[in-house]
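Each ligand, and each atom within it, is numbered from 1 in the order the structure gives. Just so it is clear, the model here is predicted, and its values are computed rather than measured.
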Amino acid sequence: MQYVERVLDELKRKNPNEPEFHQAATEILNGLAPVIAKHPEYEKAALLERFVEPERVIMFRVPWVDDQGNVHVNKGYRVQFNSAIGPYKGGLRFHPSVNLSIIKFLGLEQILKNSLTGLPIGGGKGGSDFDPKGKSDNEIMRFCQSFMTELYRHIGQDTDVPAGDIGVGGREIGYLFGQYKRIANEHVGVLTGRGLSYGGSLVRTEATGYGLVYITAEALKARGDSFEGKTVVISGSGNVAIYACEKAQQLGAKVVAMYDSNGYIYDKKGIKLDVVKQIKEVERARIKVYAECVKGAEYHEGCKGIWTIPCDIALPCATQNEIDGESARILVKNGVKYVAEGANMPTDLEGISVFQKAGVVFLPAKAANAGGVATSALEMAQSSGRMFWTFEEVDAKLKNIMINIYHNMDKAAKDYGCEGDYVAGANIAGFIKVATAMMAHGIV
Ligand code: NDP
Ligand code: 2IT
């Protein structure tokens, strides 16, 4: 049996009941086959076996008390996956669906994403099955304090630097940082996505969405095209979706639809982003409210229908497996030309294959959404240097990083005989640096 297949088989046997982890590993390892063929020494060093096994998995109890005095217990996770090229780096997700499989898939993806940024950051991910929806500020604060009371001993500015992800934004990072500082008695860059008044970086809030649009713009440019006049559908209405919408609109696109987990809005005149920001960032309300505020806009219950809206460019920016084979076929039938993943693994394996077979330009998550973590690494650099760059400086660095990622994955795909296959290109370009570092470190 081929090395890649054997490692995948073993991974499934040793980690049963982890479908998201299997899915991410399958996508990654299949793309790496041409690299493995060129480097027989990797098999001798059991490099892939070590690559897919986290260096450390931390699981802990998170007890907290709600406003009525009831006691709740959630699960807490931090998977410190790979530190070959830098300290573990990756977000924290608070969502009721969180389990070990989801954190491991996200951590595995993060290793290669972080490598693609060209910056010195390893891969990690964490979170909790806590549901922030409907909780008061005080409940969120008490939960974050309890979570950090355990997590603090495992992280550090040179060890492991968490950040936000689904359900963890500026408010949560503030509470987490406050508790870390109190216990550890140090004011350091141990979390990124911090507020600007306590060490955060300009552009971090916008970075993932802006970066997604910058890399898509580069793919368009390489084909003599641009965002100007394009119809865009964006799923989600959280941090990534909102700033992807903002930048796409700045570049002349018309964004016609967005969603939250209840349903989607369709505004054929173009989404009014100030209304979305007011609903989502200020009121923390449901996207449905948009259709009550904006004349002519429609609201539809359920998420899947969003992919039936004809568009030139689709930017899935909510969660994993939002686009299955069926939705991909509808998008293709309706003429989609570009799909760029703002969320992590939003397209399932069948969906990816549908897009690639149809000749859709498909930019995978680990490349397309790397702008967030790249700007986190810029935040770390500013913290260590005790200095601050302007918005324009950080934005220019972000743009440059995204353009480089596009060309590196494009070149890797060409070099390894799969031109235009950016899934393979991103996996290969990200993996080579990590593999080289792991080989240099010996069997560890
Ligand atoms: P937010 O919590 O800010 O927003 C998440 C959005 O996705 C919300 O609109 C939410 O709707 C929706 N959503 C979440 N889960 C589901 C679900 N199961 N079904 C339908 N909709 C859902 O998170 P982010 O914007 O930060 O993250 C979005 C995606 O981008 C995630 O995949 C994340 O891993 C990825 N990402 C984030 C980065 C960052 O810097 N924040 C960096 C790189 C990737 P609702 O409010 O109803 O739950
Ligand atoms: O998936 C991701 O890259 C993130 N959620 C951002 C991680 C980070 O450390 O900024």
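For the ring-ring contact (aromatic ring centres under 6.0 Å, His included) test, no residue two or more places apart in sequence or in another chain qualifies with Y259. For H300, the ring-ring contact (aromatic ring centres under 6.0 Å, His included) partners two or more places apart in sequence, or in a different chain, are Y264.
For the ligand labelled ligand 2, residue G164 lies inside the 4.0 Å heavy-atom shell. Taking 4.0 Å as the cut-off, R93 does not count as a neighbour of ligand 2 on heavy-atom distance. Distances from ligand 2 to the non-hydrogen atoms of E109 include no value under 4.0 Å.
For atom 10 (C) of ligand 1, the nearest protein heavy atom is 4.0 Å or more away.
With H95, K133, K280 as candidates, the residue nearest to atom 15 (N) of ligand 1 on a non-hydrogen basis is H95. Nearest residue to atom 8 (C) of ligand 1 from S376, G90, G238, G169 is G238 (criterion: closest heavy atom).
With respect to R142 and D67, a salt bridge is recorded, a charged nitrogen being found less than 4.0 Å from a carboxylate O.
The ligand atoms of ligand 2 that sit less than 4.0 angstrom from a heavy atom of S376 are 8 (C), 9 (O), 10 (O). For ligand 2, the atoms closer than 4.0 angstrom to any heavy atom of R204 are 6 (C), 8 (C), 10 (O). Set against the non-hydrogen atoms of Y259, the atoms of ligand 1 under 4.0 Å away are 9 (O), 20 (C), 21 (N). Near K113, meaning under 4.0 Å from one of its heavy atoms, ligand 2 places the atoms 1 (O), 2 (C), 3 (O). Residue contact check: A163 has heavy atoms under 4.0 Å from atoms 8 (C), 9 (O), 10 (O) of ligand 2.
Looking at N369 next to ligand 2, no N or O pair under 3.5 Å apart turns up.
Under 4.0 Å from ligand 2, not a single heavy atom of T375 appears.
The distance from the OG1 atom of T149 to the CZ atom of R182 is 8.0 Å, given to the nearest 0.5 Å.
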